[in-house]
Amino acid sequence: MRVGLATRADVELAAKAASSAKLRIGEALVKAGVVSERDLHQHLAEQAGLPFADLQVVLAEADGGLFQKVPARFLERHHMLPVRLDGDVLVVVTTEPKLEASELGWALGARSVRRLLVTPTDLARMRSALTLGQVGAARRTAQVQGRDVLRAEAEPDATLVALLNAMLVEAVTERASDVHLERYGSRVRVRMRIDGDLVDMTHYQLTPEQHLGLVNVVKLRGGLDISERRLPQGGRSSVRAGEATFDLRIQTQPTLHGEHVVIRLLAQQQRVIEIESLGFPPPLSRAYRRLLDSPGGLVLVVGPTGSGKSTTLYAGLQVLAKDATRKVLTIEDPIEYAIDDVQQTQVRPELDFNFADAMRVFVRQDPDVILIGEVRDAETALEAMRASQTGHLVLSTLHCNDAVDAVQRLVDLGVHPNSIASELVGVFAQRLARRICEQCRVPATPDPALLAEVFPHGVPKDFRCFRGAGCPHCKGRGSYERIAVVEFLPASAPLRIAIARRLPLDELRAEARRVGVLPMRAHALTFVQEGIITFEELRTLLSFEQLSDQA
């Protein structure tokens with residue numbers, strides 16, 4: 001294994017897992033999240049002396065006619081695809097470094113075979129693209145013939161099924177969290193949310209008729225009513241890509257020009273990261289660990305949808321799971337990570353089993369710690385408060401703007417301020433910021449207007465900032481993955497008094513600053529100086545007041 005990809009301990013654990021699951025060690029490392037699929041196969045390519053192929057380059061030169069000449073089962077069994085003939089040399093892509101493909105070369109009239117190594121995910125993407133060509137599509141722009149996809153009773157066209165599969169595999173490969181299928185008059189737009197930003201996937205050129213047919217395919221996969229186009233619908237499905245399986249959350253929305261669809265992808269098995277890997281400053285990591293040692297009370301992680309709240313809570317759960325003296329229960333929707341030694345439960349709305357119902361049962365299960373996926377209604381808020389009052393440590397999330405706003409949100413949900421003051425032990429508020437790509441990071445010149453906003457009393461002499469220039473690793477975007485930017489509100493005695501006195505929100509924020517809240521602005525500026533995020537990213541993280549607040 002290449003130096004830096006995995007530790008000896010990781011390899012030893014993977015060897016045990018591989019033996020029991022009948023996997024290769026590399027596959028076990030990928031499944032455990034220790035190494036990425038791409039890094040593993042680049043390493044295998046180097047070991048075997050093979051080129052590691054770029055999918056887009058290979059696809060641009062692929063000959064779909066060769067693919068049609070070979071039985072699909074043969075190609076699947078040998079994990080390879082023929083790409084093109086260079087004279088009398090057959091070029092194939094494969095995931096197997098030791099593949100012997102001379103038989104295929106002979107069958108296709110080639111004297112020799114040149115192998116290119118790809119990841120299993122890229123092989124699946126290529127198979128999907130070539131399948132579209134096989135059933136009559138030309139580079140994902142097939143015309144649907146002989147079948148009325150607008151009729152509710154129509155069977156899904158094989159072209160559109162293959163097209164949806166190609167989109168989902170590409171979404172997984174691009175690390176997209178969501179796929180958006182939209183129509184504006186005669187124009188169809190396909191977008192994917194990558195690292196928080198929606199990116200147009202312009203290589204999908206669909207007609208309005210194809211869009212309608214594709215919506216039907218998505219509905220069928222999600223178990224939705226394809227005859228209902230007047231009301232929003234929600235459903236679930238799953239997709240497998242290589243060794244990974246993803247839950248799909250499907251939501252349709254009627255609009256002026258037809259239905260729009262959003263498909264959210266949630267990995268069923270991900271590696272839970274450590275608290276120290278969250279990006280918290282060391283003092284905040286220590287504060288989080290200290291809160292987890294609390295004998296009781298309420299710990300909240302707040303922020304907007306998709307801000308990494310669950311990841312932060314799961315990092316804490318991983319710590320709690322190692323404490324054999326405490327019992328930990330969770331109620332979640334969905335269960336995003338499976339953690340050993342934690343009793344995890346899924347809500348079942350169709351059976352009238354929700355967060356509040358679980359809480360009433362949990363307190364009779366002799367737990368020490370309870371995690372609630374989200375406090376989203378008054379009933380759940382009151383049950384969470386009751387559990388913390390009876391000696392349980394309760395962890396949960398809330399949707400609100402900042403740490404202090406969490407107090408007002410609980411009041412709005414019907415919790416008495418005295419209860420909040422007595423039970424709240426700490427609040428983390430967070431946002432996700434785009435990381436600058438480490439492979440193309442360069443110094444940057446800050447925007448003068450933003451400088452004036454952030455530093456109204458003068459720019460610090462040592463201030464510096466960076467940006468991503470764009471490279472193949474980040475697909476020219478200049479950013480790769482995201483990191484949490486956090487503020488922490490400890491529930492100190494002065495703050496408890498302020499909460500119990502029901503001070504207005506602005507006065508409560510002022511009191512929080514006096515008692516030592518670590519503001520998000522300070523954390524974000526530290527990341528800017530260290531070259532982790534761009535200076536311009538502050539506009540997406542902070543309000544106008546937060547930008548210039550130097551208190």
Side-chain angles (χ1 to χ4, degrees), residues 33 35-39 54-56 119 121-122 125 167-182 189-204 239 241-242 244 246-249 262-267 270-273 277-280 301 303-312 314-315 336-337 429-442 444 447 465-486 520 523-528 530-542:
V35 299
S36 71
E37 194 180 59
R38 185 177 184 83
D39 284 343
D54 180 272
L55 177 67
Q56 298 303 326
T119 66
T121 299
D122 278 354
R125 290 179 68 190
M167 287 180 177
L168 293 176
V169 171
E170 180 163 5
V172 170
T173 305
E174 295 290 340
R175 302 173 294 103
S177 61
D178 304 86
V179 177
H180 292 241
L181 307 177
E182 306 163 348
R189 191 178 192 186
V190 178
R191 296 193 284 176
M192 296 184 186
R193 190 173 294 279
I194 303 170
D195 292 339
D197 288 339
L198 282 172
V199 178
D200 275 295
M201 312 307 284
T202 54
H203 48 275
Y204 293 107
V239 65
F246 291 79
D247 286 326
L248 306 180
R249 302 302 170 91
V262 176
I263 305 172
R264 171 152 291 186
L265 292 89
L266 300 168
Q270 299 186 51
R271 189 185 188 194
V272 182
I273 65 175
S277 301
L278 290 171
F280 288 13
V301 181
T305 300
S307 59
K309 302 185 294 296
S310 295
T311 301
T312 297
Y314 274 106
E336 296 183 27
Y337 304 83
Q430 65 183 61
R431 299 283 192 280
L432 288 181
R434 291 168 296 184
R435 280 180 179 265
I436 298 173
C437 176
E438 293 182 359
Q439 298 192 20
C440 61
R441 180 172 55 205
V442 295
D447 179 358
C465 59
F466 301 82
R467 66 180 178 86
C471 67
H473 179 66
C474 62
K475 304 290 180 67
R477 299 185 188 107
S479 62
Y480 191 85
E481 297 185 338
R482 293 187 289 173
I483 190 170
V485 180
V486 187
M520 194 174 294
H523 191 192
L525 281 173
T526 298
F527 278 169
V528 170
E530 294 175 352
I532 296 173
I533 67 174
T534 66
F535 185 51
E536 286 67 29
E537 189 76 359
L538 297 186
R539 287 195 174 107
T540 70
L541 298 170
L542 307 173

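Between Thr526 and Ile532 there is no side-chain heavy-atom pair separated by less than 4.5 Å. Side chains of Leu248 and Leu265 form a contact here, defined as non-hydrogen atoms less than 4.5 Å apart. Counting heavy atoms from C-beta outward, Arg191 and Glu182 have side chains that approach closer than 4.5 Å. Considering only heavy atoms from C-beta on, Val486 stays 4.5 Å or farther from Met520 through its side chain.
Between Cys440 and Cys474, the shortest heavy-atom distance links the atoms SG-SG, 3.8 Å. For Thr534 against Val528, the heavy-atom pair with the smallest separation is O-CG2, 3.7 Å. Heavy-atom minimum distance, Met167 versus Leu181: SD-CD2, 3.9 Å. Across all non-hydrogen atoms, the minimal contact from Asp195 to Arg434 is O-CG, 3.4 Å. Taking every heavy atom of both residues into account, Leu432 and Gly308 meet most closely at CD1-N, 3.8 Å. For the pair Gly279 and Phe527, the tightest heavy-atom approach, listed with the atom from each and the gap, is O-CZ, 3.2 Å.
Summarising the geometry, atom NZ belonging to Lys309 is positioned 9.0 Å from atom CZ belonging to Arg431; distances are rounded to the nearest 0.5 Å. Annotation: the span from Asp247 atom CG to Ile263 atom CD1 amounts to 13.0 Å, rounded to 0.5 Å. Rounded to the nearest 0.5 Å, atoms CD (Glu174) and CZ (Arg193) are 15.5 Å apart. In this structure, SG on Cys465 lies 6.5 Å from CD on Glu536, to the nearest 0.5 angstrom. One finds the CG atom of Leu525 at 5.5 Å from the CG atom of Leu538 (value rounded to the nearest 0.5 Å). Separating the CE atom in Met192 from the OG atom in Ser177 is a distance of 11.0 Å, to the nearest 0.5 Å.
The side-chain contact (heavy atoms from CB on, under 4.5 Å) search around Thr312 returns Leu278, Phe280, Tyr288, Val301, Gln430, not counting sequence neighbours.
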Q: Start with the C-alpha gap between Phe246 and Val172, add the side-chain angles, then the distance that decides, and say whether side-chain contact (heavy atoms from CB on, under 4.5 Å) holds.
A: CA-CA 9 Å; Phe246 291 79; Val172 170; 3.6 Å; yes
**Q.** side-chain contact (heavy atoms from CB on, under 4.5 Å) evaluation trace for Arg477 with Ile194
**A.** CA-CA 10 Å; Arg477 299 185 188 107; Ile194 303 170; 3.4 Å; yes
Q: Check the pair Arg435 / Arg482 against side-chain contact (heavy atoms from CB on, under 4.5 Å), numbers first and verdict last.
A: CA-CA 5 Å; Arg435 280 180 179 265; Arg482 293 187 289 173; 5.7 Å; no
Q: Show your reasoning for whether side-chain contact (heavy atoms from CB on, under 4.5 Å) applies to Asp200 and Val190.
A: CA-CA 6 Å; Asp200 275 295; Val190 178; over 6 Å; no
Q: Apply salt bridge (Lys or Arg N to Asp or Glu O under 4.0 Å) to Arg441 and Glu530, showing your working.
A: CA-CA 11 Å; Arg441 180 172 55 205; Glu530 294 175 352; over 6 Å; no
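The side-chain tip of Arg175 points at the ring of Tyr480 from less than 6.0 angstrom away and within 45° of straight on.
Taking a 6.0 Å sphere around CD of Glu438, one finds it holds 12 or fewer heavy atoms contributed by other residues, nucleotides or ligands.
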